[in-house]
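What follows is a short report on a single structure.
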Amino acid sequence: MIAKCPLYINGQFMETAEKQNITNPSTGKVIAEVSLASAAELELALSSAREAFDQGPWPQFSLAERKEFIFRIARGISDNAGILAELETQNSGKPIKETTFMDVPSSVKTFEFMADNFMNYLNNEDIDVSSDAKARIIREPMGVVVLIVPWNYPLLIACWKLASALAAGNTVILKPSSLTPLTALELARIIQQAGLPKGAVNIINGSGAKIGETLCADKRVDMISFTGSNEIGKQILQYSSKNVKKVIMELGGKSASLIFNDVDLEVAVNSSLASIFLNQGQMCTAMSRIFVQEGIYDKFLSSFTKKAKLIKLGLADNHETQMGPLISDAQRKKVIAYVEKAKAEGAKVVCGGKIPENAELKNGYFFEPTVLVDVGAHSHIFKEEVFGPVVLLHKFSGSDEAANLANSVDFGLAACIWSKDLFQAQELAGKLNAGTVWINTYGMFYNALPYGGFKQSGFGKELGREGFLEYVRFKNVIIDQSAEGKPLVNYWYGF
Ligand code: NAD
């Protein structure tokens, strides 16, 4: 039976006239029918979020009360971990091992972390400005925040944004990707059961092209937190400029891994495979360019390619599967077009580069792990985000050249350095234009650390104190303390 997924507005689930089928990318089969918001539901979500903020009770709850709600959401996700992992796998094509051991537990931890820490981040500050005045910086919620989430980590990225936005006291409208709304709608059930007041969280579904502009331009929205592609990010910046509001942007990447001669080859190869082929390469921080120092380049390439060929492609719900399908046929076509263009520009495919022939996978959107060599630094694939299981390997001789290669693209999201020389590695980290640099590891995200990119990878942070404070506005309150007890302006006019 096909599941029906309503919208969640003002504390109620609602079916709408317009629907969209949701397919399982492993099989191409329809698995759910999701209600789409029309102009009327969009208006309802905007007015509900605004009213819930202006009239409360969510922003007026004590911090201790808010903390309890945030914990309840964490517990709700944890209690429904199995269902959420299955839904995410069916909807996004992520292997069940990844959703079970990464996406869902990380979502729980994000809410737990925020519940444990946000009160410290909200401490108002007294500032010593002058002997004539007492000044205090007050931290308040932004107001109504729109959260727009991509399809590659539908639950986890929704939780990153929701945990901070809610803990700060905002009311929210969450818009999942039209391709992957199922876990967000399950989250709506969890939030309702946690007893959050109506209107504090609204979850609406709809094509960005149809509802994005109204949602993002509306004056009742105080802030937009967007994660997605650069193309859509730029559109959202335009919408938001119609009525001034805060925007944070987590955009694409073309990250580089720099591998030095002195590494433990096996560890570096295994981790580098994960750094590009996890989630089928559909990761903003995918290390899609691997630069290897010339002394070990041949050995690294041979081992990397041999192991890439052994990665087990399969249906995403199979626990043995190491790589599932891409999110859609359109995404697979985009990936294929990039590989073909790279070949036309002189690249050589040493692994993959095609749709697998396995009959069991023929209805899904699978693509083999693909390794390219001989890729010129001016070719499209060297500079542009593919968002699929395609990596290029390239040689370098010294540290400066490695830094130049890594920094030679428009993005600045993440980088990896592999070396036993930690002094050199840290010095090099300082030269890289990337918001996160991992040394001898990959993909370690910590809730305490602010995450976000530089350059065309966006601005603003998620997670940590700094990520939380994105959802907070700062107000100065200044009290006159002058001996005469008169405000300065009185002297100015001489009244
Ligand atoms: P996308 O830009 O196509 O969509 C992102 C979200 O925007 C979706 O919810 C979509 O429905 C919505 N949207 C689309 N058009 C819109 C419009 N006109 N107005 C408002 N909303 C609109 O991105 P995607 O394909 O879902 O995700 C892949 C991209 O996300 C990649 O570029 C990837 O690098 C990026 N990403 C970045 C990070 C990060 O932290 N920097 C994390 C994950 C993904």
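What's counted below: heavy atoms across the whole structure, side chains too, no hydrogens, waters or symmetry copies. As the structure is a computational prediction, the values presented were derived from the model and not from experiment.
Not one N or O on the side chain of K343 forms a donor-acceptor pair closer than 3.5 Å with the backbone of K348. Within the 3.5 Å criterion, the main-chain N or O of S257 finds no donor-acceptor partner in the side chain of R289. With S241 contributing its side chain and Q238 its backbone, the two residues share a donor-acceptor pair below 3.5 Å.
The heavy-atom pair separating R220 from R50 by the smallest distance is O-NH1, 2.9 Å. Considering all non-hydrogen atoms of both residues, I381 and L392 come closest at O-CD2, 3.8 Å. Here the shortest heavy-atom pairing between A168 and F468 reads N-CE1, 3.5 Å. When all heavy atoms of P369 and C351 are compared, the pair lying nearest together is O-SG, 3.4 Å. In plain terms, the two heavy atoms of F291 and A256 that are nearest each other are CE1-CB, 3.6 Å.
At least one side-chain heavy atom of S177 sits less than 4.5 Å from a side-chain heavy atom of T180. For the pair F454 and L413, the minimum side-chain heavy-atom distance is 4.5 Å or more. Side-chain contact between L278 and E98 is present, with heavy atoms from C-beta onward closer than 4.5 Å. Looking at L265 and K299, their side chains come closer than 4.5 Å, going by heavy atoms from C-beta outward. Put simply, the side chain of Y365 does not reach to within 4.5 Å of the side chain of I327, judged on heavy atoms. Taking the side chain as every heavy atom from C-beta outward, P325 and S26 approach each other to under 4.5 Å.
A cation-pi arrangement is not found for R66 relative to F118, the charged atom failing to lie both closer than 6.0 Å to the ring centre and inside a 45° cone about the ring normal. Seen from the ring of Y153, K94 counts as a face-on cation partner, given the 6.0 Å and 45° thresholds. The cationic group of K341 lies under 6.0 Å from the six-membered ring centre of Y338 and within 45° of the ring axis, placing it in a cation-pi geometry.
Between the side chains of Y239 and Q235, at least one donor-acceptor pair of N or O atoms lies under 3.5 Å. Donor-acceptor pairing under 3.5 Å is lacking for the side chains of K431 and S399.
Taking the six-membered ring where tryptophan is involved, the planes of Y121 and F113 are tilted, since the angle between them lies from 30° to 60°.
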Trace of the side chain to side chain contact (heavy atoms under 4.5 Å, CB included) decision for I22 with L179
CA-CA 7 Å; I22 299 297; L179 294 172; over 6 Å; no
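In this structure, K461 does not pair ionically with E466, as no charged nitrogen and carboxylate oxygen lie closer than 4.0 Å.
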